[in-house]
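Notes follow once the structure below has been shown.
Any value given below was found using the heavy atoms of this structure, including those in side chains, with hydrogens, waters and symmetry copies removed. Residue numbers begin at 1 in each chain, while the letters A, B, ... track the order of the sequences.
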Protein chains: 2
Amino acid sequence: MVIRDVALARHATGVAVTVDLVIFTIRDDRLQVLLVERGKQPFLGMSALPGGYVRDGETLDRTAMRELNEETGLDGRRLHLEQLKAYGDPGRDPRGRVITVAYLALVPNLSAPVAGTDARAARWVPVESVDFDELAFDHAMILREALERARSRLEYTTIATAFCTEPFSISDLRRVYEVVWGFPLDPSNFRRKVTGAEHFLIATGQRSTPEIGRPAALYRRGSAQLLFPPLMRSG
Amino acid sequence: MVIRDVALARHATGVAVTVDLVIFTIRDDRLQVLLVERGKQPFLGMSALPGGYVRDGETLDRTAMRELNEETGLDGRRLHLEQLKAYGDPGRDPRGRVITVAYLALVPNLSAPVAGTDARAARWVPVESVDFDELAFDHAMILREALERARSRLEYTTIATAFCTEPFSISDLRRVYEVVWGFPLDPSNFRRKVTGAEHFLIATGQRSTPEIGRPAALYRRGSAQLLFPPLMRSG
DNA sequence: GTACTATAGGTCATCTTGACTATAAGTACG
DNA sequence: CGTACTTATAGTCAAGATGACCTATAGTAC
């Protein structure tokens, strides 16, 4: 896009805009985040959040969806993707003024091990294993704020289901909460909560066939976006 | 700041970054937002949110505080200022690619009628009187999302006090909730809630001297940032 | 059959909430 | 002074939500 305004052009020089993604999933009963290894300076060899430049004529949301698809192969329409925050401290990129818009993505467990069309080495890392001091740019701060956002979102919204592949059991959903929040929940009280919330879960009539234990009823995501009453961490 | 990286420079051309402010206050028992009249194209003569370009070497938060000070004369440290979201749709500014980072500010009722160092005509407009179709750029969307954010923040945080000048009574605080949410609250139940929350209010020992009615005990803001249990709208 | 495991459903005391009533502390006015 | 009026503060009570349990159910392994 061409800048046609003189006053604007004066301010437009030397600013780049990127989108960075915090992609969470649950694998092996642990919350994991997708990190890439930087193949060039700056921060060569360090870990970073996947991301890229906003293209001409592309919305920020569209950039985020494209990046997510490039990294995970997932179709962005079926999963949770929300803008987190913009980060633009002048010193955050040594190459110049780069403002990044961070997005939070919650995806179900991917069977394929994240090949991606991109050549960069991407890998899932358990959040508790991430060395925050070894993250490039200001990605430690972004990851920390994304983690708190995800934990908070589970309280008031139904997005925990974004981690699950349909159909899922109530225990599957409870394990999402336990893994993201980091402490166990009472199975019975949890069931009462989520089945009591309107339009949260839709019973499919199907049952799971586990190797051990009683089969569980299976559900699909309901239409509700907000969870009322909320399911709070503390109290 | 000079762009020293070739790949970066290729993406950095033609993008401008601004900060726009949604500044709310309560005047005459109504929620009001500060709007400026545009003195030049595009959107000449229409209303817009106050805002401006991010300067070299300036953080986004700093830009927001500077703009807020220019518009209201208020010292940004004493009041509530939080980042809302970035807006970057390619068509949002006809002059070219402009990404804006919107901030939400909640300020107490200003006695001085917003002169500001800026020459633009700034004025407080009751939110219910705003003609959303007559707002420049995508500011209608930004204002709508800011309004919902403010309403939601009152549920889970203590920021309602940002609208009050200290010391304030519990009724002052209640009126904030009623004005922002748009419906009345039971005075007795409201009192029970806010006095029950830890570190929300600090009693000063002072009492108000109203022209009519019983004097009210006066309070200052406590140290709590989060309100627990929350004070929900619905239910 | 019994042991084991995880799901599903129920109990109950405690806490929270919403609606409502009652009292208190000031002013205005006669 | 006393009554009306206004707002603040306090208390009551039933209904609902919550946390900590306990019990039953439906499968597998042996």
Requested in this report: Could you check which of C:dA6, D:dT9, C:dT7 has an atom nearest any side-chain atom of B:P187?
Outcome: D:dT9
Query raised in the report: Under a 4.0 Å N-O cut-off, is there an ion pair linking A:R174 with A:E178?
Result: yes
Query raised in the report: Would you call A:Y219 and A:Q206 a side-chain contact if the rule is heavy atoms closer than 4.5 Å?
Result: no
Query raised in the report: Starting at CD1 of A:I212 and ending at P of D:dC30, how long is that distance when rounded to a whole Å?
Result: 12 Å
Report summary line: The nucleotide from D:dA26, C:dT7, C:dA19 with an atom nearest the side chain of A:R174 is C:dT7
Requested in this report: Calculate the interatomic distance between A:R207 atom CZ and D:dT28 atom C1'; express it in whole Å.
Outcome: 15 Å
Report summary line: The residue, A:I170 or B:L231, whose nearest nucleotide of DNA chain C is more 5′ is A:I170
Query raised in the report: Whole Å only: how far is the CD atom of B:E211 from the C1' atom of D:dA8?
Result: 17 Å
Report task. Answer yes or no: side-chain N or O of B:R192 and base N or O of D:dG11 forming a donor-acceptor pair under 3.5 Å. Result -> no
Report task. Round to the nearest Å and state the distance from B:Q206 atom CD to D:dA8 atom C1'. Result -> 17 Å
Query raised in the report: Would a distance-only check, ignoring hydrogens and angles, find a side-chain to backbone donor-acceptor pair under 3.5 Å from A:W124 to A:T25?
Result: no
Query raised in the report: Given the side-chain rings of A:Y177 and A:F190, with only the six-membered ring counted for Trp, is the space between their centroids under 6.0 Å?
Result: yes
Query - Which residue lies more 5' along DNA chain D, comparing B:S171 with B:D186 via nearest heavy atoms - result: B:S171
Query raised in the report: C:dA8 P sits how many Å from A:L201 CG, rounded?
Result: 11 Å
**Report entry** Residues A:R144 and A:E148 bridged, charged N to O under 4.0 Å
**Finding:** no
Query raised in the report: Between atom CG in B:L185 and atom P in C:dA19, what is the gap in whole Å?
Result: 11 Å
Report task. Name the nucleic acid region contacted by A:S188, choosing base, sugar-phosphate or nothing; use a 4.0 angstrom heavy-atom cut-off, strictly under. Result -> base
Report task. Would you indicate which nucleotide in C:dG18, C:dA6, C:dA8 comes nearest to any side-chain atom of A:A216? Result -> C:dA8
Query raised in the report: In whole angstrom, what separates B:R214's CZ from C:dT27's C1'?
Result: 14 Å
Report task. Establish whether the base of D:dT9 is bridged to the side chain of B:R191 by a donor-acceptor pair shorter than 3.5 Å. Result -> no
Report task. Take atom CG of B:N189 and atom P of D:dA10, then tell me their distance rounded to the nearest Å. Result -> 14 Å
Query raised in the report: Does a side-chain N or O from B:K193 land closer than 4.0 Å to OP1 or OP2 of C:dT17, or not?
Result: yes
